[in-house]
Amino acid sequence: MEPYKIFIVEDDPWYGEILEYHLSLNEDYVITRFTNGKDCLANLHKKPDLISIDFSLPDYTGDKLFQKIKEADDSIPVIVISGQEEISVAVTLLKMGVSDYIVKDDNTKDLLWNAVINARKMGNLKKEVEHLKEELGQKFAFDKSIKGKSPALTKIFALMEKATKTNINVSITGETGTGKEVVAKAIHYNCERKKKAFVAVNMAAIPKELVESELFGHEKGAFTGAVARKAGKFEEANGGTIFLDEIAELDLSLQSKLLRVLQEREVVRVGGNEKVKLDIRLISATHKNLAEEVKKGQFREDLYYRIIGLPIDLPPLRDRGSDVLILAKFFADEFAKDNKLGQVTITQDAKDKLMTYHFPGNIRELKAVIELACVMCNDNEITAADISFNSTRQDEIFSFEQKTLRQYTCDIIRHFLKKYDDDVLLVAEKLDIGKSTIYKMIQQKEIVI
Amino acid sequence: MSMQSLYDISDIQAISRGNNDFVLKMLKMFVDYTPHNVKEMKERYAAKDLTGMGELAHSIKPTIDSMGITAIKDTIREIEKTGRDKNDSPELPALLEKIEVTINDVVAAVKLDYPL
């Protein structure tokens, strides 16, 4: 175990000696004593794990020294020991962020002993949280969280990269199951806000009457059942990122409240007056076309422009070509690992079957299909027979609007061209039509590539 | 131990957990520093610096407590409070004298009792 370095800043030699001796009874502690604040500050490069300071030093008062320490390294917990018994001094210091405040009396050494144990426990927890956040960040590295190499996805990576460089709001659109939340998390965990919270709220999942207090918090007694003050999701996300999924589901009256919060960069809890300053990045997502919602009067135009920021439109899986296979292998490997199945392979006929399906449920559907195939397959080999599609929207391609056969033909060719990176010869072969048919459609601008 | 009732170092012995070197170190510190601090406290009073006098009383107080010098436990607190309140009291010279005499007596006793 690494030694736990404690600085004691105490100008009274008698008291300093007692504190040093008492704490050094724990062999893990390495104590360094200073008789003034200046010497303590000059030695902060030695990275103490904890500092105990006397409130009345010859060169600094406790609050001033604490402030200086905080400016140099705000991760070091500081305990203040003081002869001042006034509660207001203790309250001020605790509000400033000191770990503990101990009044000098017969129990000081024991109180300090316990305060050090508590500060150490808290420090260990903080380190653990930091470590976990770091791990989470690694998990959400672009190439680890989002699988694929298609041109459509490469464009998305480029946009995400740009999003991480600034604090611009981001709006993500895309069909259900395309990975909107994964993209939001990847942006958060790859930008400077990664050490702060990522708070995701699904607007469609919260009952209408609770949305306001859920987002903005409430004061005690604000409404029946509000038994205590509660911070809202915006406050929770302060310093970090708030992800508002299915934002199009927000009703008009709440849209205006959200707009005010975004404009003023501050939030007032329901039933309260106190304004809480906000420093957040907003990432919103919807499977709906927000511009259309604005036209229909379902979404405020001013809010639309406020949240649109950097728009990222996620392509459906059917437009991502061989990404289907990359993702299929990834999901098979993950499932096999989680269930200790050993290596699972996917045969060519299974791959062909996957490539010819349009995946209306997108990546979410593919994951379900592969996991089921892993369970159903024999000898850890997924064949075409193990792949079964159970989408509730098999006929979706024909259900959007009424079209002519010629228009459907164009749609199908356009879809396959996207899927096979505009390779006309390959598409002609896959659809069993003449390549000249496709070239003619392109020439007549029925299809644009 | 001579003049045993003047001081009681059981607190320091408890903190030391049997480490006699630590006990002797603390006693030496008491003998070396406390009379000097008391003298300075009296000088501050003589210079009408009640705040300075109170601050010194404040810093001497834990030593008196740890050394178990019960005879002046309340006296040092009275001086500290007088200094903090900046309230010059006619009793102060007598209180300061009591502190000085008692501390000098304890120092003499400690020197007799321990090989410092």
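These values consider heavy atoms only, across backbone and side chains, with no hydrogens, waters or symmetry-generated copies. Residue numbering restarts at 1 for every chain, and letters A, B, ... go by the order of the sequence lines.
Taking NE2 of A/His22 as the reference point, atom CZ of B/Arg17 lies at 6.5 Å (rounded to 0.5 Å). Here A/Tyr15 contributes atom OH and B/Ser66 contributes atom OG; the two are 7.5 Å apart, rounded to the nearest 0.5 Å. A distance of 8.0 Å separates CG in B/Asn37 from CG in A/Asp12, rounded to the nearest 0.5 Å. With rounding to the nearest 0.5 Å, the separation of CG in B/Asp65 from NZ in A/Lys104 is 11.5 Å.
Around atom CD of A/Glu71, more than 12 heavy atoms belonging to other residues, nucleotides or ligands sit under 6.0 Å away. Crowding of A/Lys68 atom NZ: a count of heavy atoms from other residues, nucleotides or ligands under 6.0 Å not exceeding 12. Other residues, nucleotides and ligands contribute over 12 non-hydrogen atoms within 6.0 Å of the NZ atom of A/Lys133. Annotation for A/Met122: atom CE does not count as buried by contact number, only 12 or fewer foreign heavy atoms lying within 6.0 Å. The 12-atom threshold is exceeded at CD of A/Gln67, counting heavy atoms of other residues, nucleotides or ligands nearer than 6.0 Å. More than 12 heavy atoms of other shown residues, nucleotides or ligands fall within 6.0 angstrom of atom NZ in A/Lys230. Open room surrounds NE2 on A/His131; 12 or fewer heavy atoms of other groups in view lie less than 6.0 Å from it.
Interface residue B/Ile12: only side-chain heavy atoms are found under 4.5 Å from chain A.
You'll find the side chain of A/Ser56 stays beyond 4.5 Å of the side chain of B/Glu55, heavy atoms only.
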Problem set entry | Full working for side-chain contact (heavy atoms from CB on, under 4.5 Å) between B/Phe30 and A/Trp14 | CA-CA 8 Å; B/Phe30 170 73; A/Trp14 176 273; 3.7 Å; yes
For this session: Any chance you could lay out the side-chain contact (heavy atoms from CB on, under 4.5 Å) test for B/Asn19 and A/Tyr21, step after step, and finish with the verdict?
Result: CA-CA 10 Å; B/Asn19 183 342; A/Tyr21 182 79; 2.9 Å; yes
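A/Leu25 approaches B/Ile15 most closely through the heavy-atom pair CD1-O, 4.0 Å.
Of the residues considered (B/His58, B/Met29, B/Met26), B/Met26 shows the highest number of contacts with chain A, using heavy-atom pairs under 4.5 Å.
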